[in-house]
Protein chains: 2
Amino acid sequence: MSTLFAGPFGANVSERAQLPPSLAISTVIFALKPSRDVGKPTLWLPLVRRVKEPFKGQWALPGGPLAATESLEDAARRNLRETTGLAPEYLEQLYAFGGLNRAHRPGQGSQRVVSIVYWALVRPTEAELLVEGEAEAENVAWHRADTAGDGEGGLAFDHREIIDYALWRLRSKLEYAQIAYHFLGETFTLAQLREVYEAVLGRPLDPANFRRQLKSVPQIEPTDQFLEGGKHRPPRLYRYTGPAQRSTT
Amino acid sequence: MSTLFAGPFGANVSERAQLPPSLAISTVIFALKPSRDVGKPTLWLPLVRRVKEPFKGQWALPGGPLAATESLEDAARRNLRETTGLAPEYLEQLYAFGGLNRAHRPGQGSQRVVSIVYWALVRPTEAELLVEGEAEAENVAWHRADTAGDGEGGLAFDHREIIDYALWRLRSKLEYAQIAYHFLGETFTLAQLREVYEAVLGRPLDPANFRRQLKSVPQIEPTDQFLEGGKHRPPRLYRYTGPAQRSTT
DNA sequence: TTAATAGTGTCTATCAGACAGTATAGT
DNA sequence: ACTATACTGTCTGATAGACACTATTAA
């Protein structure tokens, strides 16, 4: 606290002190997409290019200010729809970020911003909406979750750290909660579900043990359909019949 | 969304729509205190009495507005110190609450408030500061966490729901993280630690199994001291040597 | 027939819960 | 000696990881 007014930017700090902090909502939207580099699907997320300073031209999480007549979650859904055209079924609050120096480049004064960040999981069908979608599509693009911003001078604001935190939360939650289905379609094979786990956790899983564990979950019901078209024995399709969204955290 | 402007309070809603949402910080402070009703220690928390409308005279979580030059966590610590005199060593963000109708009694218009809520665990020695402490002590009092506000027309705002959510988070986190020590002093017996778990989880635990599990945690080191003064065989005192605060969530 | 994945069975180490049994203090 | 709690040992059922083995399709 005592170092707060020290340093070359003291004038900016005291200037900012006059303004009340403003509130913004951002969202980390995870989708599983096949990656050319790796043979297996990996985690991707849509980012929007900044058209204004600060960080003009750099990539940032979709988001915007909080309107006065909507709840936090409604604001997240609206911003998502407006900026990327997505309407994810799974949406949960991640964290409120309120550090002092996150709204501007170091040394440039601007208003203090507190961001309430949500995270979402979308299916491939939902993710396609983005590709065909909006007019401003050239300013929205998918990036790999683990490397977004790497060779481009980094992401805007503290969004790289926010994504890393969201990745950590996704991994933690996947291990004890039933959320992997939100990456997949209505029906899926156990191998597809295992690919989700492997992509998120970053390590291979034993197919036999994975099958045994998942079969003990009553919410995963086998259908009488099989996935045709593969080169080999067609796998059975399963369906998730549990609640669409689990309780918070 | 379509029902937002319906109903008898539409005028208030549109009035609020002109104002930007304001930001507040509140904190749920848990302490373990012996309870007269039950023989065992139970969870308590300090509440402050509202001196202004809305909810004047009712009990509320300690908190206040966010100053422009402090981080969210600093704001939580400052509000805590000012309202209750407490300086907890364990402090973590709980959730950001931003529903439309949480800042006022139903039917009374007022500005929209978004609250970022922190939760804290304090030791008995820290908790005593409150008793002797501040001048406005008559407006600060300890309440049982599970029943606070029950026979008094309820707590102010949505604070009863916030406390219930914090209780749920505390129970969840206790089961997989090393946080129970923050309720205890520098050294403690395994029976005391077990009492913390039993009070938080609300169920008895087998002393033998609890001992075996805790002994497999290297951060819990036995001292060569024993707790004298009991009526029976003196138990060994242990010390927690891990990091003071674990990573977020 | 072969390749490749789907799916089953089984062995083992680990661990949580239950609980019997021993140790040691105050009274 | 008695009692209450501290502390240890052991049995059992459940489960995760490793991995051998069988089944079924397309080419």
Side-chain angles (χ1 to χ4, degrees), chain A residues 34 38-41 171-178 180 184-185 187-240, chain B residues 34 38-41 171-178 180 184-185 187-240:
Chain A
V38 200
K40 309 194 165 189
R171 289 191 190 102
S172 306
K173 183 143 190 181
L174 194 70
E175 287 182 340
Y176 67 88
Q178 311 286 335
L184 299 169
T187 59
F188 48 85
T189 70
L190 293 188
Q192 289 170 338
L193 189 58
R194 180 166 48 83
E195 278 187 324
V196 173
Y197 276 81
E198 289 178 339
V200 172
L201 299 179
R203 60 187 162 92
L205 299 173
D206 184 297
N209 294 333
F210 185 82
R211 172 180 305 272
R212 172 162 43 83
Q213 284 174 257
L214 272 285
K215 281 201 150 181
S216 71
V217 177
Q219 282 86 28
I220 302 183
E221 285 184 358
T223 70
D224 48 5
Q225 295 177 319
F226 293 81
L227 181 63
E228 315 283 347
K231 300 190 195 122
H232 306 291
R233 174 176 175 180
R236 183 181 293 273
L237 287 168
Y238 291 77
R239 183 193 313 275
Y240 178 64
Chain B
V38 200
K40 309 195 166 188
R171 289 191 190 102
S172 306
K173 183 144 190 180
L174 195 70
E175 287 181 340
Y176 67 89
Q178 310 286 333
L184 299 168
T187 58
F188 47 85
T189 70
L190 292 188
Q192 289 170 337
L193 189 58
R194 180 166 48 84
E195 278 187 325
V196 173
Y197 275 82
E198 289 178 339
V200 172
L201 299 179
R203 60 186 163 91
L205 299 173
D206 184 297
N209 295 332
F210 185 82
R211 172 180 305 272
R212 174 162 41 84
Q213 285 174 256
L214 272 285
K215 281 202 151 180
S216 72
V217 177
Q219 283 86 29
I220 302 182
E221 286 183 0
T223 70
D224 47 5
Q225 295 178 319
F226 293 81
L227 181 64
E228 315 282 348
K231 301 189 195 124
H232 306 291
R233 174 177 175 180
R236 182 181 293 274
L237 287 169
Y238 290 78
R239 182 194 313 275
Y240 179 64

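All chains are named by letter (A, B, ...) in the order of the sequence lines, taking the proteins before the strands, and each is independently numbered beginning at 1. Reckoned from all heavy atoms, side chains included, excluding hydrogens, waters and symmetry mates.
- The shortest side-chain heavy-atom distance between A/Glu175 and A/Leu201 falls under the 4.5 Å cut-off.
- Residue B/Arg233 places none of its side-chain N or O atoms closer than 4.0 Å to OP1 or OP2 of C/dA23.
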Side chain to side chain contact (heavy atoms under 4.5 Å, CB included) between B/Glu195 and B/Phe188: does it pass, once the steps are laid out?
CA-CA 11 Å; B/Glu195 278 187 325; B/Phe188 47 85; over 6 Å; no

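- C/dA6 atom C1' lies 13 Å from atom CD of A/Glu228, rounded to whole Å.
- When each of A/Ala191 and B/Ala208 is assigned the nucleotide of DNA chain C with its nearest heavy atom, A/Ala191 is the one assigned upstream, toward the 5' end.
- For D/dG9, its base never sits under 3.5 Å from the side chain of B/Arg212 at any donor and acceptor pair.
- Here the C1' atom of nucleotide C/dG7 and the CG atom of A/Leu227 are 15 Å apart, to the nearest Å.
- Rounded to a whole Å, the CD atom of A/Gln225 is 17 Å from the P atom of C/dA6.
- As rounded to whole Å, 11 Å separates atom P of D/dA18 from atom CD of A/Gln213.
- Side-chain N/O atoms of B/Lys215 include none lying less than 4.0 angstrom from OP1 or OP2 on D/dC7.
- Pairing each heavy atom of B/Thr187 with each of B/Gln225, the nearest pair is CG2-OE1, 4.5 Å.
- Of all the heavy atoms in B/Gln192 and B/Leu227, the pair that sits closest is NE2-CD2, 4.2 Å.
- C/dA6 atom C1' lies 13 Å from atom CG of A/Asp206, rounded to whole Å.
- When rounded to the nearest whole Å, the span between NZ of B/Lys231 and P of C/dT24 equals 22 Å.
- When each of C/dC19, D/dA6, D/dG17 is scored by its nearest atom to the side-chain atoms of B/Arg211, the top-ranked nucleotide is D/dA6.
- Whole-Å rounding puts the B/Arg236 CZ to D/dT8 C1' distance at 14 Å.
- Scanning both residues, B/Ile220 and B/Leu214, for their nearest heavy atoms gives CD1-CD1, 2.9 Å.
- With the nearest nucleotide of DNA chain D identified for both B/Leu190 and A/His232, B/Leu190 has the one nearer the 5' end.
- D/dT5 atom P lies 18 Å from atom CZ of B/Phe226, rounded to whole Å.
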